[in-house]
Asks: 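First the structure, then my questions, so here it is.
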Protein chains: 2
Amino acid sequence: MEYSEKQLQIMKKAEKLFAEKGYNGTSVRDIAEKAGINLAMVSYYFGSKEKLLEAVFDYRIGMTKQLLSDILHKTNLSSLEKMNLLIDVYVKKIIEQQPFNKILAREQVVNTTGHTANLILQMKRTYMDTVLSLIREGQKKGEFQKHIDVSLLMTTIIGTANHLVTTKHYYRQLNNYEELSDEAFNKLIEKKLRNHIKFILKASLTYES
Amino acid sequence: MEYSEKQLQIMKKAEKLFAEKGYNGTSVRDIAEKAGINLAMVSYYFGSKEKLLEAVFDYRIGMTKQLLSDILHKTNLSSLEKMNLLIDVYVKKIIEQQPFNKILAREQVVNTTGHTANLILQMKRTYMDTVLSLIREGQKKGEFQKHIDVSLLMTTIIGTANHLVTTKHYYRQLNNYEELSDEAFNKLIEKKLRNHIKFILKASLTYES
DNA sequence: TTAAATTAAACAAGCGTTTAATTAATTTTT
DNA sequence: AAAAATTAATTAAACGCTTGTTTAATTTAA
């Protein structure tokens, strides 16, 4: 699905509001006002409020799947290097797309069926396949240990990143980073998150229990 | 704050609905119907819908803080054993209080100020203090390595548990556990989660980078 | 005989969506 | 190239419905 400039403009403002106030907490009038358009244009361009949300999911998840498929084809790297590249790309994505990740974190709790749920499941499968093939490759080469619960390891990676980004205001208070600017704080947690996940991953993949 | 039987009955039904459909997606009429009471009784007992949510948070977070303060006083255990006990208690709580944890996961994204945000911050501080003192103790005894980012390690533990519980329907599909009964599936993820977090923790605390 | 609990009804406000009219842009015809 | 015809975009207003909360009357309990 291709979106016009006008549609993207609306989707971007809607995404921000959905992230801040939740889907049900955001009114179509809110969106129209922030996007500088007439109320009726949302229905005109997307059909309904729900389909606008679906459009946001379509757009962002489409971007993500594209991103992932590129990584697997870099053959000149070791398994751990590929894994680390995956983390770099993933963390960068999470930090850059914070509003969407907030929506995702909230909607995947309540949205268990329908178009959106299908998109989420697809994306999860894509992540799963990518990581699974990387780890199997590393195990064959003897770089990684044998007994790894890949599904739970992914839960840890995604859960860590999600939790940090969606509750970063608490993290900020708990660690006394309130004097930092928003930009500097974002830079800081991106770096910390990247190193932390890599550490967890390396420890998990090579640790002998 | 103490709550009457009637209040607890309403809070329990409200908690379930908030978890399933979100705070804004749940109407006071929904709650009244499920609780088998008149619409006006919610305002009568709690003042407002928002204060009902706050009551749920008061109640659950009060329980959690009680739970945590008990653990620190068990002196006959090693640092790693205390840490493992903490995980046992935490995972058990997460599994048993799934509805509340879904609410918590969603509300802490949007709720950054007000009474609820304060309660969440308090709870996080309690967790932080508990884990911090356990880890410092283990480091003194030489059981744990020196350079540990406790705040991020907690983000990983909480994030992993949260993500698994709030998106367990996806986990179920991805790992072909659909033929299992709900009860059996819950038992399974509790056990898996417990072992997984302990493994991550042990690897992180003792791994030499 | 007070106080507490419960009820049905009503309240104003906000919701998502639709309508019908108007303006702007594009295409077709002259 | 100008005029006419057609399509697309935009608007203000209204639609019916649901929302959280309050009221005033009634039943139950102390």
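Note: hydrogens, waters and symmetry copies are ignored here, and every other heavy atom, side chains too, is used. Residue numbers begin at 1 in each chain, while the letters A, B, ... track the order of the sequences.
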Asks: Would you list the protein and nucleotides 24-30 of chain D atom pairs, both N or O, that sit under 3.5 Å from each other?
Replies:
none

Asks: Going by distance alone, is a donor N or O of one side chain under 3.5 Å from an acceptor N or O of the other, for B/Q122 and B/K65?
Replies: yes
Asks: How many whole angstroms separate atom CZ of B/F46 from atom P of D/dT21?
Replies: 13 Å
Asks: Sugar-phosphate atoms are those with a prime plus P, OP1 and OP2; base atoms are the rest. Using that split, label each nucleotide of nucleotides 5-18 of chain C B, S or - for protein heavy atoms under 4.0 Å, 5' to 3'.
Replies: BBBB-B----BBBB
Asks: Write down the distance between CD1 (A/I10) and C1' (D/dA9), rounded to a whole number of angstrom.
Replies: 11 Å
Asks: B/D30 side chain to B/T26 main-chain N or O, any donor-acceptor pair under 3.5 Å?
Replies: no
Asks: Quick one: side chain to side chain contact (heavy atoms under 4.5 Å, CB included) partners of A/A184, sequence neighbours excluded?
Replies: A/L180, A/S181
Asks: Under the rule for side chain to side chain contact (heavy atoms under 4.5 Å, CB included), what residues qualify as partners of B/K102, not counting sequence neighbours?
Replies: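 In terms of side chain to side chain contact (heavy atoms under 4.5 Å, CB included), with neighbours along the sequence ignored, B/K102 is linked to A/V109, B/A19, B/T166.
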Asks: Give a yes or no on this: more than 12 heavy atoms of other residues, nucleotides or ligands lie within 6.0 Å of atom NZ of B/K51.
Replies: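 Incorrect, the count does not exceed 12.
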Asks: Name each donor-acceptor pair under 3.5 Å that joins a side chain in residues 188-196 of chain A to protein atoms two or more places apart or in another chain, with its distance.
Replies:
from, atom 1, to, atom 2, distance (Å)
A/N195, ND2, A/K191, O, 3.4
A/H196, NE2, B/L152, O, 3.2
A/H196, NE2, B/T156, OG1, 2.6

Asks: Once side chain to side chain donor-acceptor pair (under 3.5 Å) is applied, do any residues pair with A/R125, and if so which ones, sequence neighbours excluded?
Replies: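 None.
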Asks: Assign the ring pair A/Y127 / A/Y90 to parallel, tilted or perpendicular, where the plane angle (0 to 90°) is split at 30° and 60°.
Replies: perpendicular
